[in-house]
Every structure is written in C-alpha cells, then in structure tokens.
K.L.:
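Have a look at the structure that comes next, please.
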Amino acid sequence: MPINIPKDLPAKEILEQENIFVMDEERAYSQDIRPLNIVILNLMPEKEKAETQLLRLLGNSPLQVNVTFLRPATHEPKTTSKHHLDQFYTIFPHIRHRKFDGMIITGAPVEQMPFEEVTYWDELTDIMEWTKTNVTSTLHICWGAQAGLYYHYGIPKYPLPEKCFGVFNHTLEVKNVKLLRGFDDVFRMPHSRHTDVKREDIEKVPELMILSVADKAGVCLVTSNDGRRIFLTGHPEYDATTLKDEYERDLAKGLPIQPPESYFPNDDPSQPPLNTWRSHANLLFVNWLNYYVYQETPYIWE
Ligand SMILES: CC(=O)SCCNC(=O)CCNC(=O)[C@H](O)C(C)(C)COP(=O)(O)OP(=O)(O)OC[C@H]1O[C@@H](n2cnc3c(N)ncnc32)[C@H](O)[C@@H]1OP(=O)(O)O
Ligand SMILES: N[C@@H](CCO)C(=O)O
C-alpha cells in the first residue's frame, strides 16, 4: 500500500525513482479506507535528507500512511530553508488537538550538551507529555531516544571516550517480541554518536525492556512494556554513504575521528561503502507500523 505525502515534497520524486509506492493527497482522497496518521518530529538540521530516509522505510508496508512533518517552533533552524519549512512543516500548537497513530522523534546533533541547553527542550518535553494521551506508539531515534529515556524515565546519557562510529553486530535479548519478528539472530545497524545510555540504568526501570544490544555499541533497542514507547540508539534509516559523509566532514574540520568501524570494504575509506543493514531497517519499521501502530490504534480516534 502507498504512502501519502504532499505532491511537491522533494522526497516524492526520489522515492518514485526507487519504486517506493508513493501516492499524492489528491489520489488518496478517492480511497475509502482509513490511513494511519504518523507525525514526524524532525530535529535533524538537514531535514530533507531525514525525510527521504524515513519515508523510504515508512513506505514499505501494506498500509496507507499519512505523514505530518513537525518542527520545533522554539528553534530558528539555519540549515533547512525557510521556504521548505513553510511549505511542508507544521508546529505543535497547530496539531496538539489531534490524535496520531504513530510518532517518530528523530536524532539531533545536540547530544554533547545537557538536555536543558537545547533551545527547544521545554517544547520537546511538552510534546513528549502530549504523546501519553495523543499518540498510540512513539519511535525515538538516537538523540531522540536519549531525550525520551531521560524525560520519561530519568535515564541519563554519558559521554563516550571516543565516538561510537560504525556498523555493528547486534544480538536479540528477547525472543518472540513483535518488534523483532523475522529478524536474524545477528543483524547490523549503523551508530554514530558521542554519548551513550547505560544498560544498568535501564534495567532499574521495571517498565522498560531491552530488546537488542550490540557488541561494541551497547544498548540499541528498548521498549516500554506496553509498546507505546520505543527507543533506538542507532540509525537504521541512514543511507549507505551517510557515515562516510560524516567521517569526511569531521576529517575536513580537523576533528579527531577514526574511519567508521566495519563499514568500508576491507576497512579502506577509498572504497565505496555497502549498505549492509537495509533489510533489517525495513523489517523494523514494518513491524513497528504493523504491530505497534496499526494493530493497536483505535479505528475511530479523534
Ligand atoms: C546523536 C544523534 O542523534 S545523530 C543525529 C544528528 N546527526 C546529524 O545531524 C548529522 C548531520 N549534521 C551535520 O553534519 C551538521 O550538523 C551540519 C553540517 C548540518 C551543520 O554543521 P555546523 O554548521 O557545523 O553546525 P552544527 O554541527 O553545530 O549543527 C548545528 C545544528 O545543531 C543543532 N543545535 C546546535 N545547538 C543547538 C541548541 N543549543 N539547541 C538546539 N539545537 C542546536 C541545530 O539542529 C543546528 O542546526 P539547525 O539550526 O539548522 O537546526
Ligand atoms: N551522527 C552525528 C553525531 C553528532 O551528534 C554526526 O556525526 O553528526
């Protein structure tokens, strides 16, 4: 089934070229089914890239998905153009009266500052409080996961001695959980962060369950027992070249950075990287959409 997005969104053309089933609003109105309403709080500076990456994964399911893009009203972004934001984004006061079947809170390059120094922290805490009554299931990614674990459960983040940077092997901590349905016993996912959450802090919270860990990247996937909050410390949505771009960016800035681990063929940064995590990224999003959103959300909910 297709994904419904605005007709002029740049991601539409890219996704259509990839055979991802995209339907614009005009065509979708003629269908007599209830689509899922997903709101994406996009905290990434390069919003267009994140849109394409997330829509690619949301579009790989038999469900119609209506996407609303949300940005913080209390931060003036410098990277994404105002034109793009005005055209495709809304702000919280305009949607707080609504119910959403699912929400994604993205990562953000603010992990090295205390949460309270992030310009939109107060607004984000309002939004996270609102999800308790207005969203069926929320998927938090990278810094979004750290922020959610901190706000909802008081779990802190810690600086790492060096950046956790590469594509790591993950194992499953729990069998037969719907979010991991169809997963191999070992799967790969990129991580790219300077901070970490600790397993022992999460284990002290009875409402939380650790689903997957990586040998060198620590806790990767955590869920609340009721499935209404999911926390993902990695970046399954990243493109094949995203880690390469970040590596080259930091090298050019003269920052101390090692090549991403287990990423370039033969660990040779001159060779084009391969995407070795795509299948599980797709499976994770389909499982979330199907089992945590579609199967759980009320049919009539306004
Ligand atoms: C840990 C994770 O979640 S990983 C996900 C985040 N990763 C990424 O964003 C990777 C891509 N980002 C980048 O490569 C860089 O941020 C760039 C190239 C887009 C911009 O680089 P620079 O101009 O050097 O600026 P810098 O790296 O400080 O990033 C600025 C961004 O940080 C964020 N930021 C910095 N300080 C604050 C603050 N006090 N409060 C809120 N946001 C802040 C903002 O998002 C800001 O961009 P925006 O205003 O356009 O939204
Ligand atoms: N993935 C991010 C980490 C910084 O928060 C980057 O490399 O830009």
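Numbering of ligands and ligand atoms starts at 1, following listing order.
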K.L.:
Taking non-hydrogen atoms within less than 4.0 Å of ligand 2, which protein residues qualify?
P.N.:
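Answer by chain and number: Pro109, Glu111, Lys163, Ser192, His194, Tyr238, Glu246, Arg249.
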K.L.:
Side chains of Glu296 and Ser137: do they bring a donor and an acceptor to under 3.5 Å?
P.N.:
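No - no donor-acceptor pair under 3.5 Å links their side chains.
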K.L.:
Just wondering, do Ile5 and Glu51 contact through their side chains at under 4.5 Å, heavy atoms?
P.N.:
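No, their side chains stay 4.5 Å or more apart.
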K.L.:
Walk me through it: do Glu248 and Lys244 pass the test salt bridge (Lys or Arg N to Asp or Glu O under 4.0 Å)?
P.N.:
CA-CA 6 Å; Glu248 290 173 352; Lys244 176 176 188 282; 3.2 Å; yes
K.L.:
If the condition is salt bridge (charged side-chain N to carboxylate O under 4.0 Å, His left out), which residues does Lys132 pass it with, not counting sequence neighbours?
P.N.:
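With neighbours one apart ignored, the set is Glu129.
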K.L.:
Going hydrophobic residue to hydrophobic residue with side-chain gaps under 4.5 angstrom, can you get from Leu221 over to Trp277?
P.N.:
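Different hydrophobic clusters.
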K.L.:
For ligand 1, which of its N or O atoms have a protein N or O partner closer than 3.5 Å, and how long is each gap?
P.N.:
residue, atom, partner, partner atom, Å
ligand 1, 3 (O), Ala108, N, 3.0
ligand 1, 3 (O), Ala108, O, 3.3
ligand 1, 3 (O), Trp143, N, 3.0
ligand 1, 14 (O), Arg249, NH1, 2.4
ligand 1, 23 (O), Lys78, NZ, 2.9
ligand 1, 24 (O), Lys253, NZ, 3.2
ligand 1, 25 (O), Lys78, NZ, 3.3
ligand 1, 39 (N), Glu117, O, 3.3
ligand 1, 40 (N), Thr119, N, 2.9
ligand 1, 40 (N), Thr119, OG1, 3.2
ligand 1, 49 (O), His75, NE2, 2.8
ligand 1, 49 (O), Lys78, N, 3.2
ligand 1, 50 (O), Lys78, N, 3.1
ligand 1, 50 (O), Thr79, N, 2.8
ligand 1, 50 (O), Thr79, OG1, 2.6
ligand 1, 51 (O), His75, NE2, 3.3

K.L.:
Applying salt bridge (Lys or Arg N to Asp or Glu O under 4.0 Å) to Glu111 and Lys157, what does each step give before you reach the verdict?
P.N.:
CA-CA 8 Å; Glu111 48 161 345; Lys157 63 182 162 66; over 6 Å; no
K.L.:
Does the salt bridge (Lys or Arg N to Asp or Glu O under 4.0 Å) test come out yes or no for Asp239 and Lys49, once each step is laid out?
P.N.:
CA-CA 9 Å; Asp239 294 320; Lys49 278 191 193 167; over 6 Å; no
K.L.:
Could you check Asn275, Thr276, Leu274 and say which one makes a side-chain contact (heavy atoms from CB on, under 4.5 Å) with Val167?
P.N.:
Thr276
K.L.:
Only counting residues at least two apart or in another chain, list the ones meeting ring pair (Phe, Tyr, Trp, His ring centres under 6.0 Å) with Tyr153.
P.N.:
none
